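The structure displayed is predicted, hence computed values, not measured ones. So that the names make sense, note that chain A is the first sequence line, chain B the second, and so on, each numbered from 1. Hydrogens, waters and symmetry mates play no part in the numbers below; they use all other heavy atoms, side chains included.
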Amino acid sequence: EAGVAQSPRYKIIEKRQSVAFWCNPISGHATLYWYQQILGQGPKLLIQFQNNGVVDDSQLPKDRFSAERLKGVDSTLKIQPAKLEDSAVYLCASSAGNTDTQYFGPGTRLTVL
Amino acid sequence: KQEVTQIPAALSVPEGENLVLNCSFTDSAIYNLQWFRQDPGKGLTSLLLIQSSQREQTSGRLNASLDKSSGRSTLYIAASQPGDSATYLCAVRKGAGTYKYIFGTGTRLKVLA
């Protein structure tokens, strides 16, 4: 079974630029999560999708971050414009519906200069 | 607001030692607690999940305990091996109505051969 795929693995941009991350969850997984992990901290949930719908986006900075999950499969997380404090690893995870078991992708390491 | 703290932040031990990682949380009203392992450049892998009604869970050389009333959990690793080197994160789930986890800052473990 293929795991959660994320791309790109690394991205370096300058502040005020835009960036997008892509996530392909495990086939059949209805729930998809995006986390932000700043160096030295634990992951923080940004947004949770159940199929196409948003379940929780309470910690998503909506003035600059947006996310979508088209057709309930792949998802894209966008930052526009990026700030220095957005430098972090962005992790995507998926689960088979209402379960505690989340499968994590390798993450995208973003550096904002 | 739930806060999760892990002590120590980093730990280095010789191979074969038994060790204990600590996790504390400020709000004892949790649904469950998970321990994760994170290897460099990789996502998180769940190690053990303890429901709020349980006192401990075991998997191989790993044993996790939970004392909800005091807001503490420990992860015990027996006979440590170099392959155990990783960052260990604990995370608490707030309630039955959400799969949102609050993560601790992690303990970075290095087991020396």
Exercise for the section: Let me know if Q6(A) has heavy atoms under 4.5 Å from chain B in its side chain, its backbone, both or neither. Expected result: neither
Handout entry: Toward chain A: residues of residues 57-88 of chain B with heavy atoms under 4.5 Å
Key = none
Practice task
Could you tell me which portion of Q6(B) (side chain, backbone, both or neither) has an atom closer than 4.5 angstrom to a non-hydrogen atom of chain A?
Solution key: neither
Fill in the blank from the handout: From the list I79(A), L110(A), D86(A), T111(A), side-chain contact (heavy atoms from CB on, under 4.5 Å) partner of I13(A) resolves to L110(A)
Handout entry: For T107(B) against P8(B), the heavy-atom pair lying closest together
Key = OG1-O, 2.6 Å
Handout entry: Heavy-atom pair count under 4.5 Å with chain A, highest-scoring of A91(B), C90(B), G43(B)
Key = G43(B)
Exercise for the section: Taking atom types as modelled, find out whether S46(B) and Q34(B) have a side-chain donor-acceptor pair closer than 3.5 angstrom. Expected result: yes
Fill in the blank from the handout: Turns out that what part of S95(A) lies under 4.5 Å from chain B's heavy atoms comes down to neither
Problem - Evaluation steps, side-chain contact (heavy atoms from CB on, under 4.5 Å), between Q2(B) and T26(B) - result: CA-CA 6 Å; Q2(B) 177 75 275; T26(B) 54; 3.3 Å; yes
Handout entry: Pair Y101(B)-N32(B), side-chain donor/acceptor within less than 3.5 Å
Key = yes
Handout entry: Aromatic ring proximity, centroids under 6.0 angstrom, F104(A) and Y35(A)
Key = yes
Handout entry: Interface moiety of D39(B) toward chain A, non-hydrogen atoms closer than 4.5 Å
Key = neither
Handout entry: Contact origin within L49(B) toward chain A - heavy atom pairs under 4.5 Å
Key = side chain
Problem - Criterion side-chain contact (heavy atoms from CB on, under 4.5 Å) on L77(A) and W22(A), from CA distance to verdict - result: CA-CA 7 Å; L77(A) 177 70; W22(A) 173 82; over 6 Å; no
Practice task
In sequence, state the C-alpha distance, the side-chain angles, and the governing distance for Y33(A) and Y99(B), and then conclude on ring pair (Phe, Tyr, Trp, His ring centres under 6.0 Å).
Solution key: CA-CA 10 Å; Y33(A) 307 82; Y99(B) 285 89; 7.9 Å; no
Handout entry: Region of R9(A) in contact with chain B, defined by heavy-atom distances below 4.5 Å
Key = side chain
Problem - Partner chain A: residue of K42(B), R108(B), K100(B) with the largest heavy-atom pair count (under 4.5 Å) - result: K100(B)
Problem - Positions in residues 49-70 of chain A that reach chain B, provided some heavy atom is under 4.5 Å away - result: D56(A), S58(A), Q59(A)
Problem - Any donor-acceptor N or O pair under 3.5 Å, side chains Q36(A), Q41(A) - result: no
Exercise for the section: Take atom CD of Q54(B) as the centre, draw a 6.0 Å sphere, and report whether it contains more than 12 heavy atoms from other residues, nucleotides or ligands. Expected result: yes
Practice task
Give the C-alpha distance, both sets of side-chain angles, the deciding distance and a yes or no for side-chain contact (heavy atoms from CB on, under 4.5 Å) between D100(A) and R93(B).
Solution key: CA-CA 9 Å; D100(A) 286 294; R93(B) 178 178 159 188; 2.8 Å; yes
Practice task
For V112(A) and E14(A), run side-chain contact (heavy atoms from CB on, under 4.5 Å): C-alpha distance rounded to whole Å, both residues' side-chain angles, the deciding distance at 0.1 Å, then the answer.
Solution key: CA-CA 5 Å; V112(A) 182; E14(A) 295 188 350; over 6 Å; no
Practice task
Take atom CG of L39(A) as the centre, draw a 6.0 Å sphere, and report whether it contains more than 12 heavy atoms from other residues, nucleotides or ligands.
Solution key: no
